[in-house]
Amino acid sequence: MQYLNMELSIFSMLIFCINFIVINTLDFKTYRLQIILKNNVVIEKRIPKKLKYDYISLISEIRRNLLPDSVPAL
């Protein structure tokens with residue numbers, strides 16, 4: 001009986017470690033970019049967490065090119 005309990009505890013620790021590794025490697029967090037144009041057209045795009053800052057810099061550059069003096073960069 002004691003041997004069975006030890007096996008179960010080792011097995012449960014192994015399952016816990018595998019779950020922890022899998023959850024930490026799978027990162028499904030996303031952001032949503034929403035742009036509302038002057039004609040009230042809404043453009044939405046899901047952005048992975050890893051690319052968030054790339055999209056922010058892209059949008060900032062576009063805004064600077066379209067409206068160089070009136071709109072501050074993000």
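Computed over heavy atoms, backbone and side chain alike; hydrogens, waters and symmetry mates excluded.
Two different hydrophobic clusters hold M13 and I21 under the rule that ILVMFWY side chains link at heavy-atom gaps under 4.5 Å.
Rounded to the nearest 0.5 Å, atoms CZ (R46) and OH (Y31) are 13.0 Å apart. The structure places CG of L14 at 11.5 Å from OG of S9, a figure rounded to the nearest 0.5 Å. Distance OH/Y53 to CG/L58: 16.0 Å, rounded to 0.5 Å. The structure places CG of L51 at 5.5 Å from CG of D54, a figure rounded to the nearest 0.5 Å. One finds the CD atom of E44 at 4.5 Å from the CD atom of Q34 (value rounded to the nearest 0.5 Å).
In this structure the side chain of V41 never reaches within 4.5 angstrom of the side chain of I36, judged on heavy atoms. Within the 4.5 Å cutoff, side-chain heavy atoms of I43 are placed close to those of L37.
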